[in-house]
Amino acid sequence: MAFLSLTPLELEAIRLSLLVSLWAVAGGLPFGIAVAWLLSRHNFPGKPIVDGIIHLPLVLPPVVIGYLLLILLGRRGVIGAWLYEYLGITIAFTWKGAAIAASLMAFPLMVRAIRISIENVDRGLEQAAHTLGAGPIRVFFTITLPLIIPGIITGLILSFARSLGEFGATITFVSNIKGETQTLPLALYTMTQVPGGEIPALRLCIISVIIAMAALMVSEFLTRHFSGRIRG
Amino acid sequence: MIDLNIKKRNGQFQINTTFAFRQAGVTAIIGESGAGKTSIINMVAGLMRPDDGHIIINGRTLFDSETGCNISPEKRHIGYIFQDGRLFPHLSVRHNLFYGMNLIPGHDRFITVDQVVDLLGIGHLLKRMPSNLSGGEKQRVAIGRALLTSPQFLLMDEPLASLDEARKSDVLPFIGKLTSEFKIPILYVSHSLNEVLNLADTVVILKAGSVIAYGDADEVLSRPDMQQFLGTSNYGAVIPTVVKGQSHNLTTLHFHGGELHVPSLNLEKGAKVVVLIKARNVAISLDRPLNTSFQNILPARIDAIIERDEMMVDIRLDIGCMIIARITCAARESLGLKPGQQVFALIKGVAVSTGNLSIEDE
C-alpha cells in the first residue's frame with residue numbers, strides 16, 4: 001500500500017496548490033463581483049478598454065503576464081519596491097506572488113461568469129425591493145447577491161480550476177521554489193525534467209485529476225442546491 | 001390627495017400629464033397599451049425620473065424639478081403592486097411578506113400581519129416558495145407584501161392582467177376592500193374601462209401620453225366618446241344605474257329611461273351600480289318579440305348608423321341613454337334600418353362588475 005501514501009514532495013505541492021488557489025479565488029472574488037457589476041450595470045467612457053484589459057490574461061501568453069508582474073511587483077519593480085521599502089512586503093518568489101499570478105490569470109473567467117448572472121437578474125425584482133423601502137446596498141445584499149449565487153459558484157470553480165493549473169505566469173513571476181512556489185503543475189514539470197521521474201510525475205498527474213474532479217462535483221452540488229432553492 | 005404634473009420625453013414619445021384629485025379612494029388611469037400608463041406610475045413610485053414638473057401626494061412633495069427635490073423610491077412610502085407580481089423567488093411567502101414590513105419602525109405600522117393574512121386569505125401559503133403558487137395566489141401575496149409596509153398610497157399596474165377570468169374574480173374583491181378597510185388611496189392602471197367599472201371613484205383617460213379626460217368615474221365612463229377605451233371585446237356603452245328592487249333571482253336596475261334586469265346582485269336598494277352593455281350583446285328587432293329568452297327588451301330610436309367595415313355596422317340606439325348594437329351589414333340591409341326609426345333593442349347580456357363581484361349575463 002506504499003503507493004497510496006503521499007510523499008513529502010507531493011504533500012507539499014498539494015498544500016501549496018490548494019493554498020495558492022484558494023487565496024487566488026478568495027482574493028479575486030470581491031473584485032470579480034465589483035468589476036462584473038460595473039461592466040453589466042454601468043456605462044462609462046472607456047468601458048471597452050476596461051473590458052479588454054480584464055480579458056487580456058485570456059488571450060496573452062501567460063509568460064507575458066508573469067513578466068509584467070515581475071516588472072510591477074518584483075522587489076525592484078514599480079510597486080514592489082515601494083511595498084518592500086515601506087511595508088517590508090516581498091511578493092516576488094513567494095507563494096503570495098503565486099496566488100496573485102493565479103488570481104490574475106483566472107480573473108476574466110470569474111468576471112464573465114458573474115457578469116452573465118448579473119445581466120440575467122430581473123431588474124424588476126430590485127425595483128420592487130426599492131418600493132418596499134430597501135436602499136441600494138440592502139437591495140444588493142438581500143436580492144441581487146442571492147440571485148447571482150449560481151453564477152458566483154460557477155465563477156469560483158472556473159477560476160479555482162484555472163488557478164490550480166496555472167504554470168506560465170507563476171514560473172516567470174515567482175519561479176519554481178520547492179516548498180514555497182512549487183505547485184502541482186510545477187512539481188509535475190520538474191519531475192519530467194529529472195531521470196527516473198516518470199512514476200512521481202504520473203502520481204502528480206492522478207492527484208491533479210482527483211482534485212479537479214472533486215472541485216467540479218462540489219460546484220455541481222452547490223449550483224443545484226442554490227438554483228433549486230430559487231426555483232423552489 | 002394627489003397633484004401630478006409631469007413631462008417626460010423618451011425618443012419620439014412624450015408624456016405630458018397633469019391631473020389632481022382631492023378625495024381618497026380608487027383613481028383609475030386608463031389607456032391603450034403604449035399610452036404611457038406604466039411610465040406615469042413608475043414616476044410616482046420614483047423608479048423613473050420625470051424631465052419636468054412635480055408630484056405631490058397627500059401634501060408631501062415627492063418630486064419637483066424646480067427645487068430639485070427627488071425623493072428616492074425607498075423613502076416614498078408608496079406601495080407598488082406590479083403586473084407580474086415580482087415576488088422574490090429566493091424567499092418564502094412569509095419572508096416576501098415581511099421584507100418591507102421589517103424595514104419600517106414599529107410605530108409607523110398601521111396594518112398588521114393578521115389583518116393582511118385574513119383579508120387576502122393567504123395564511124396557508126406562508127411556508128411555500130413563490131414558484132409553487134398559482135397566478136392569483138402570487139398576486140395576493142404581492143398585494144399583502146405592499147400592504148405590510150403600511151404605505152401612504154398604493155400603485156397598481158394592471159394587477160389582474162396576468163390572470164385568467166376565474167383568478168380575476170379571485171383578486172378583484174380584495175382591491176375593493178383595500179380602500180374601505182385601510183383607507184389607502186389607490187392609483188390603478190388598466191387598459192380597459194370594463195375592469196374598473198364600479199371600482200374606480202375617479203378616472204383619468206390617457207392617450208399617447210396626454211390626459212384626454214378626467215373626473216368622476218361614472219360621469220367620464222358613460223360619455224359616448226369614451227367607448228373606444230373599453231377595449232375591443234368590451235366595446236359598448238357604460239350606463240350608471242341604481243338598484244331599484246330585488247325579486248326571485250333578478251335584480252332590477254333603474255337607469256335614465258328605463259329598467260334593466262340582471263342576475264341577483266345582492267345589493268341594497270338605492271345602491272349605485274355601473275353596467276356595461278357590450279355592442280355585440282345587443283340585437284335589433286322591428287317589432288316587440290313576444291316569446292323570447294331576452295330579459296331586456298327596450299323600445300329604442302335609431303340615433304345614428306356608424307359604418308365599421310365591410311362586414312359590420314354599429315347602430316347607436318337611444319333608449320333614454322345611448323347604447324350601441326353591432327350587427328352585420330346584411331342584417332341592416334334586410335331590416336332597412338335608417339336613422340330616426342323606432343325599433344326594439346334586445347339586450348342579451350349586461351356586464352356588471354362591482355368591487356366584490358363580476359357577473360356577465362350572456
I'd like to verify something: which residue of A:Asp122, A:Val139, A:Ile143, A:Thr142 has the highest number of heavy-atom pairs under 4.5 Å with chain B?
A:Ile143
Which portion of B:Leu155 sits near chain A, non-hydrogen atoms under 4.5 angstrom
neither
Measuring heavy-atom distances to chain A, does B:Arg145 have an atom under 4.5 Å in its side chain, in its backbone, in both, or in neither?
both
Most chain A-contacting option - heavy-atom pairs closer than 4.5 Å, from B:Ile104, B:Leu47, B:Thr149
B:Leu47
Between B:Leu91, B:Asn102, B:Leu103, who has the most heavy-atom pairs with chain A when the cutoff is under 4.5 Å?
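Looking at each option in turn, the highest pair count goes to B:Leu103.
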Could [X] and [Y] be called an ion pair, given the rule that one side-chain N must be under 4.0 Å from one carboxylate O?
| X | Y | answer |
| --- | --- | --- |
| A:Glu180 | A:Lys96 | no |
| B:Lys37 | B:Glu158 | yes |
| B:Arg140 | B:Glu137 | no |
| A:Arg112 | A:Asp51 | no |

Kindly determine whether A:Tyr189 and A:Phe167 satisfy ring pair (Phe, Tyr, Trp, His ring centres under 6.0 Å), including the steps that lead there.
CA-CA 9 Å; A:Tyr189 166 76; A:Phe167 181 84; 5.2 Å; yes
